[in-house]
Every structure is written in C-alpha cells, then in structure tokens.
Amino acid sequence: MGRLRGARDAVLLWFAPARVQNEGTTPDYRFSLANERTFLAWIRTALALIGGGFAVDQFLTNHLTHWVRVVLSLALLAAGVACTLRAVNHWMRCERAMRRGANLPVSRFPASLALLVAVIAIAMVAVVFFGWAG
C-alpha cells in the first residue's frame, strides 16, 4: 500500500513541478537545463518509436504476415509509451535529487529499451534479408 501511495504521489508531482521548489536548494540553472534537454531527448526517442510502430503497421503490409506486423508494431508503440512515461519520471527524480544534493537516480530502463529495440531491429533485418512476404 505504501509503495502504491508513493507511486501516486510521484505521478501527481509530474503535474505540479513547482512543488519540487520547496525541497532543498535551487541547483545551478545549467544543471536544470541539462536535465530538461535530457527529458526532451527521451521524448524525441519516444516519438521515433511511436512513428516506427505506425510505419511498420502501415507500410509493411505486403512484406509481413499480419500477426508479425502487429507484434512488431505493438512492441514499438509500447516502447514509445514506456519511454514517454520514463522521461517525465526521470526528469522529476533528477530535479529532486539535484535540489536535495543527492546522487542522481540510476535506472535499468535505458538498457531494457536498448535491448527491446535491438531485438526488433534483428527481427526486421531477418525480414529484409529473407524477404518474408505475408
């Protein structure tokens, strides 16, 4: 129950970032801006994954069976959604850590995302190499 409450509070903080100003001291603005640039890079990655998911579904109709196309598309779309949510969560966690003078948070998410994209890329290479048609 406590963990669920903590997750709820973290999500609520996403929509009230001014509340984080009550914590600790204001960091050097360059660090806050760097944190924001990282957030925007994650959002660009998410948009690319989402666009790739739609592209696989719409443009590979003659090259893949329906179920393969759906699986690859949904995997890319899910990765895009996860990347978007992770971006805002990581941005807030880093901002809080900087204000508190704590270590920046670490995460397995980048490695997990890279692994998922690599698996999808290998599947796509196999499709192109072997010329599988639906």
Side-chain angles (χ1 to χ4, degrees):
M1 186 70 166
R3 200 173 155 118
L4 193 58
R5 184 175 297 125
R8 184 203 64 199
D9 291 344
V11 170
L12 290 174
L13 196 56
W14 296 354
F15 300 100
R19 280 185 28 214
V20 90
Q21 291 177 336
N22 297 331
E23 297 184 30
T25 59
T26 302
D28 185 329
Y29 72 91
R30 292 173 292 182
F31 298 120
S32 290
L33 292 174
N35 189 29
E36 187 174 333
R37 283 191 302 274
T38 302
F39 166 78
L40 293 172
W42 279 102
I43 294 297
R44 285 190 301 273
T45 301
L47 288 170
L49 290 166
I50 291 167
F54 281 116
V56 166
D57 184 58
Q58 294 298 308
F59 299 119
L60 295 180
T61 56
N62 295 330
H63 302 287
L64 297 174
T65 60
H66 177 73
W67 72 269
V68 172
R69 206 173 67 242
V70 168
V71 167
L72 290 174
S73 295
L74 289 178
L76 287 167
L77 290 169
V81 168
C83 194
T84 300
L85 296 175
R86 183 66 182 124
V88 69
N89 186 50
H90 188 72
W91 170 75
M92 184 56 67
R93 289 174 60 211
C94 285
E95 195 65 31
R96 289 177 88 185
M98 287 188 297
R99 296 186 75 75
R100 293 175 176 171
N103 290 333
L104 293 179
V106 295
S107 173
R108 292 185 191 109
F109 184 78
S112 301
L113 181 63
L115 185 62
L116 176 65
V117 171
V119 167
I120 293 169
I122 289 168
M124 296 302 297
V125 167
V127 166
V128 170
F129 184 75
F130 294 111
W132 292 329

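The analysis underlying the following values was restricted to heavy atoms, covering all of them including side chains, and did not include hydrogens, waters or symmetry mates. None of the values given here were measured: they were computed from a predicted structure.
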Nearest 0.5 Å, what's the [atom1]-[atom2] distance between [X] and [Y]?
{"X": "F31", "Y": "L104", "atom1": "CZ", "atom2": "CG", "result": "9.5 Å"}
{"X": "Y29", "Y": "E36", "atom1": "OH", "atom2": "CD", "result": "13.5 Å"}
{"X": "E95", "Y": "M98", "atom1": "CD", "atom2": "CE", "result": "4.0 Å"}
{"X": "F39", "Y": "R86", "atom1": "CZ", "atom2": "CZ", "result": "12.5 Å"}
{"X": "R69", "Y": "Q58", "atom1": "CZ", "atom2": "CD", "result": "8.0 Å"}
{"X": "N89", "Y": "T84", "atom1": "CG", "atom2": "OG1", "result": "12.5 Å"}

Query raised in the report: Within a reach of under 6.0 Å around CG of D28, are more than 12 heavy atoms found that belong to other residues, nucleotides or ligands?
Result: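 Yes - once you tally the heavy atoms of other residues, nucleotides and ligands closer than 6.0 Å, there are more than 12.
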Linked, directly or transitively: [X] and [Y] (ILVMFWY side chains, under 4.5 Å):
{"X": "M92", "Y": "V11", "result": "yes"}
{"X": "L77", "Y": "V88", "result": "no"}
{"X": "W67", "Y": "L76", "result": "yes"}
{"X": "W91", "Y": "V81", "result": "yes"}

Do you know which two heavy atoms are closest between [X] and [Y], and how far apart they sit?
{"X": "A79", "Y": "L116", "result": "CB-CD2, 3.4 Å"}
{"X": "A97", "Y": "N103", "result": "CB-O, 3.5 Å"}
{"X": "A46", "Y": "G80", "result": "CB-O, 3.4 Å"}

Query raised in the report: Under the criterion side-chain contact (heavy atoms from CB on, under 4.5 Å), which of D57, V119, V56 is the partner of L72?
Result: V56
Do [X] and [Y] have side chains that approach each other closer than 4.5 Å (heavy atoms only, starting at C-beta)?
{"X": "F54", "Y": "I50", "value": "yes"}
{"X": "W42", "Y": "L113", "value": "yes"}
{"X": "R99", "Y": "T25", "value": "no"}
{"X": "L47", "Y": "I43", "value": "yes"}

